[in-house]
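Okay, structure first, notes after.
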Number of protein chains: 2
Amino acid sequence: MRTSSVEQLILDLFAGQPVETAHFTAQEIYLQLKPQLPAVNPSTIYRALERMTRSGKISISDMGKGAAVFEIVGKERHHHLVCETCHQVITLSDDTIRPLFDELSRQFGFEMTTNHLVLFGHCPACRRKK
Amino acid sequence: MRTSSVEQLILDLFAGQPVETAHFTAQEIYLQLKPQLPAVNPSTIYRALERMTRSGKISISDMGKGAAVFEIVGKERHHHLVCETCHQVITLSDDTIRPLFDELSRQFGFEMTTNHLVLFGHCPACRRKK
DNA sequence: TGACATAATGCAAATCTTTGCGTCTGCAAT
DNA sequence: ATTGCAGACGCAAAGATTTGCATTATGTCA
């Protein structure tokens with residue numbers, strides 16, 4: 001067994017990356033951890049990711065990559081706009097979304113936990129091309 | 001092969017259901033189609049769903065069921081609020097979201113294609129219980 | 001420290017989903 | 001009607017993810 005849990009290694013993996021653009025699939029995480037943990041079992045990674053998502057350390061979302069991607073949850077929430085044609089990703093400050101979430105809280109009494117919204121569309125450049 | 005394509009059968013499957021609450025996983029769709037198409041191959045279903053999503057006939061989203069769910073795209077867009085504790089689902093009229101999408105279009109020149117937002121949180125009842 | 005309870009892990013099997021490739025079907029142009 | 005093409009499909013294999021169960025760590029309380 002390892003002295004440190006897989007969770008810490010996953011966090012380390014994100015640590016070297018800019019928060020807003022580091023999006024990894026479960027598989028990518030598994031492969032990146034392999035060199036350090038040659039004997040680690042895929043299910044351990046999947047379970048760690050599930051735990052970390054549930055506890056709010058990371059978030060899971062569909063960025064149109066075909067597989068879910070995980071992202072570290074930082075101090076400041078942010079969101080993404082993804083172009084379905086060229087796959088360009090734009091980062092949105094939480095200021096854009098917060099009013100909506102506040103309104104939903106007010107209206108339905110919900111405490112919002114979604115902390116990473118991914119919205120799809122077509123960017124200006126791709127719209128012009130058509 | 002079949003005279004009618006699998007796509008039509010999938011649409012039929014949604015047809016009998018209230019638009020806003022009929023959410024099926026790929027697997028559920030596969031199983032529901034089996035009686036009518038005993039010989040159908042799973043990959044055919046998966047490919048049909050992928051095509052239909054791409055062409056905008058259905059939408060795919062994560063409703064916290066562990067697997068992606070598909071939903072028919074109706075005339076009126078709507079969205080959902082899901083309680084992470086009791087899994088209650090609340091339907092949101094598009095009026096709640098449209099201003100945000102309009103603002104994003106204005107600000108980034110994006111033509112939004114996301115037509116079904118799923119937001120997670122804790123509902124009032126579950127919040128009280130804690 | 002020692003024993004226990006809880007959580008994390010490994011392993012193997014089951015499931016689910018995707019992919020490559022060859023075949024078949026339906027539509028369109030001739 | 002015949003030909004040609006593109007899209008849809010089947011099949012089998014590969015790949016990805018989940019699950020049940022046994023085992024191993026870790027933290028804590030006496």
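Reminder, nothing fancy here: chain letters follow the sequence lines and each chain counts from 1.
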Exercise. Round to a whole Å and report the spacing from CD1 of B/I10 to C1' of D/dA8.
Key: 12 Å
Quiz item: Within this structure, what is the CG-to-C1' distance between B/L9 and D/dC9, rounded to whole angstrom?
Solution: 14 Å
Exercise. Determine to 10° how strongly the helix from C/dT1-D/dA30 to C/dT30-D/dA1 is bent, judged from the axes of its five-pair ends.
Key: 30°
Quiz item: Where the side chain of A/T113 meets the backbone of B/F120, is there a donor-acceptor pair that is under 3.5 Å apart?
Solution: yes
Self-check item: Rounded distance (Å) that lies between atom P of D/dT18 and atom NZ of B/K65
Solution: 15 Å
Quiz item: Taking the six-membered ring for Trp, are B/H79 and B/F101 parallel (under 30°), tilted (30 to 60°) or perpendicular (over 60°)?
Solution: perpendicular
Quiz item: Looking at DNA chain D, which of residues 41-63 of chain B put a heavy atom within less than 4.0 Å of it?
Solution: B/N41, B/S43, B/T44, B/R47, B/R51
Quiz item: Any side-chain N or O of A/Q27 under 4.0 Å from OP1/OP2 of D/dG15?
Solution: no
Quiz item: Are B/V73 and B/M52 grouped together when hydrophobic residues (ILVMFWY) are joined by side-chain heavy atoms under 4.5 angstrom apart?
Solution: no
Quiz prompt | d(CD, B/E28; C1', C/dT15) in whole Å | solution = 15 Å
Quiz item: What pairs meet the salt bridge (Lys or Arg N to Asp or Glu O under 4.0 Å) rule with one or both residues in residues 73-92 of chain B, with sequence neighbours excluded?
Solution: B/R77-B/D94
Quiz item: Has the side chain of B/H116 got a donor or acceptor atom that lies under 3.5 Å from a matching backbone atom of B/I72?
Solution: no
Quiz item: Could you give the CD1-to-P distance, from A/I29 to D/dA16, as a whole number of Å?
Solution: 14 Å
Quiz prompt | Per B/A67 side chain, nearest of listed nucleotides C/dA8, C/dG10, C/dT17 | solution = C/dT17
Practice problem: Using atom types as modelled and distance alone, determine if a side-chain donor or acceptor of A/S105 lies under 3.5 Å from a backbone N or O of A/F110. | Solution: yes
Quiz item: Do other residues, nucleotides or ligands put more than 12 heavy atoms under 6.0 Å from the NZ atom of B/K34?
Solution: no
Quiz item: So, for A/F70 and A/F14, is the gap between ring centers shorter than 6.0 Å?
Solution: no
